[in-house]
Amino acid sequence: QVQLVESGGGMVQAGGSLRLSCAASGRTFGAYAMGWFRQAPGKEREFVAAISSGGVNTYYADSVKGRFTISRDNAKNTVYLQMNSLKPEDTAVYYCAADLLYARLRGGTAGGSWGQGTQVTVSS
């Protein structure tokens with residue numbers, strides 16, 4: 001399995017942008033589909049976006065479609081989440097996750113490794 005470390009979280013005003021990064025250890029990163037999830041206070045963790053192992057296919061939750069973009073650089077063992085037009089309801093801890101099955105991430109779960117999370121706070 002890969003080890004995952006997220007970074008790039010912070011506080012931003014509504015309408016602003018942030019880019020999250022998730023760095024993976026190990027030489028098998030390119031075999032994994034990757035996903036981003038988030039958990040707001042008092043709520044269950046929810047799916048945000050997924051990208052296939054080669055980066056060709058992406059999938060988004062309706063709540064972020066058109067505002068967030070997931071991408072990856074397999075040479076750098078890193079997956080990104082570009083977040084634009086942020087809203088207060090985007091406030092959450094954001095987690096990246098790895099799974100050998102892209103379909104499982106699209107289904108809203110991950111059976112592989114998880115990162116420790118990075119806090120994103122959007123003020124109104």
Side-chain angles (χ1 to χ4, degrees):
Q1 289 193 346
V2 293
Q3 304 296 318
L4 305 173
V5 179
E6 301 96 335
S7 61
M11 184 176 293
V12 64
Q13 288 189 332
S17 298
L18 282 174
R19 188 177 82 154
L20 305 183
S21 299
C22 173
S25 64
R27 290 178 288 180
T28 59
F29 176 73
Y32 287 87
M34 298 296 296
W36 286 95
F37 295 75
R38 66 187 182 186
Q39 187 168 19
K43 295 187 177 181
E44 294 188 353
R45 187 158 55 191
E46 64 175 359
F47 168 80
V48 175
I51 188 167
S52 58
S53 58
V56 173
N57 298 304
T58 57
Y59 185 73
Y60 298 92
D62 287 343
S63 59
V64 307
K65 202 172 296 182
R67 300 187 298 122
F68 290 10
T69 302
I70 188 171
S71 62
R72 67 189 296 160
D73 185 338
N74 284 352
K76 295 182 178 180
N77 280 15
T78 302
V79 62
Y80 305 97
L81 185 68
Q82 178 67 45
M83 305 185 294
N84 298 329
S85 302
L86 283 161
K87 305 175 181 179
E89 52 262 44
D90 295 318
T91 295
V93 178
Y94 283 71
Y95 300 88
C96 67
D99 200 309
L100 291 173
L101 298 178
Y102 174 62
R104 187 150 53 200
L105 288 170
R106 280 195 53 158
T109 63
S113 303
W114 289 82
Q116 84 290 347
T118 186
Q119 176 71 48
V120 172
T121 302
V122 184
S123 61
S124 58

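None of these values were measured; they are calculated from a predicted model.
Residues passing the salt bridge (charged side-chain N to carboxylate O under 4.0 Å, His left out) test with Arg106, sequence neighbours excluded: none. With sequence neighbours left out, the side chain to side chain contact (heavy atoms under 4.5 Å, CB included) criterion links Gln13 to Ser123. Residues satisfying the salt bridge (charged side-chain N to carboxylate O under 4.0 Å, His left out) test with Arg19, not counting sequence neighbours, are none. Partners of Ser113 by side-chain hydrogen bond (donor to acceptor under 3.5 Å, both in side chains), not counting sequence neighbours, listed by chain and number: Gln1. Under the side chain to side chain contact (heavy atoms under 4.5 Å, CB included) criterion, Val120 pairs with Leu18, Leu20, Met83, Tyr94, Val122, sequence neighbours left out. Every ring pair (Phe, Tyr, Trp, His ring centres under 6.0 Å) that Phe37 has, sequence neighbours left out, goes to Phe47, Trp114.
The side-chain heavy atoms of Glu6 and Trp36, taken from C-beta on, include a pair separated by under 4.5 Å.
Judged as a ring pair (Phe, Tyr, Trp, His ring centres under 6.0 Å), not a single pair has a partner in residues 63-86 (not counting sequence neighbours). Under the salt bridge (charged side-chain N to carboxylate O under 4.0 Å, His left out) criterion, the residue pairs touching residues 53-66 are Asp62-Lys65, with sequence neighbours excluded. Listed by first and then second residue, the ring pair (Phe, Tyr, Trp, His ring centres under 6.0 Å) pairs that reach into residues 3-32 come to none, sequence neighbours excluded. Judged as a salt bridge (charged side-chain N to carboxylate O under 4.0 Å, His left out), the pairs with a partner in residues 40-59 (not counting sequence neighbours) are, in order, Arg38-Glu46. Within the structure, side-chain hydrogen bond (donor to acceptor under 3.5 Å, both in side chains) pairs that include any residue of residues 95-104 comprise Asp99-Arg104 (at least two apart or interchain). Sequence neighbours left out, not one pair with a member in residues 47-58 passes side-chain hydrogen bond (donor to acceptor under 3.5 Å, both in side chains).
With Cys22 as reference, Val79 is the one residue of Val79, Thr78, Thr118, Val2 to meet the side-chain contact (heavy atoms from CB on, under 4.5 Å) rule.
Here the CG atom belonging to Asn84 is positioned 6.5 Å from the OG1 atom belonging to Thr69, to the nearest 0.5 angstrom. Distance check: Ile70 CD1 to Cys96 SG gives 9.0 Å after rounding to the nearest 0.5 Å.
Nearest heavy atom pair, residue Leu105 against residue Ala110, reads CD2-CB, 3.6 Å. The two residues Leu100 and Ala31 make their nearest non-hydrogen contact at CD2-O, 3.6 Å.
Between the side chain of Ser25 and the main chain of Gln3, a donor-acceptor pair closer than 3.5 Å is present. Checked by atom type and distance alone, the side chain of Arg67 pairs as donor or acceptor with a backbone atom of Ser85 at under 3.5 Å.
By the rule that hydrophobic residues join a cluster once side-chain heavy atoms approach within less than 4.5 Å of another member, Val48 and Val12 end up as members of one cluster. Hydrophobic clustering (ILVMFWY, side-chain heavy atoms < 4.5 Å, transitive): Val5 and Met34 are in distinct clusters.
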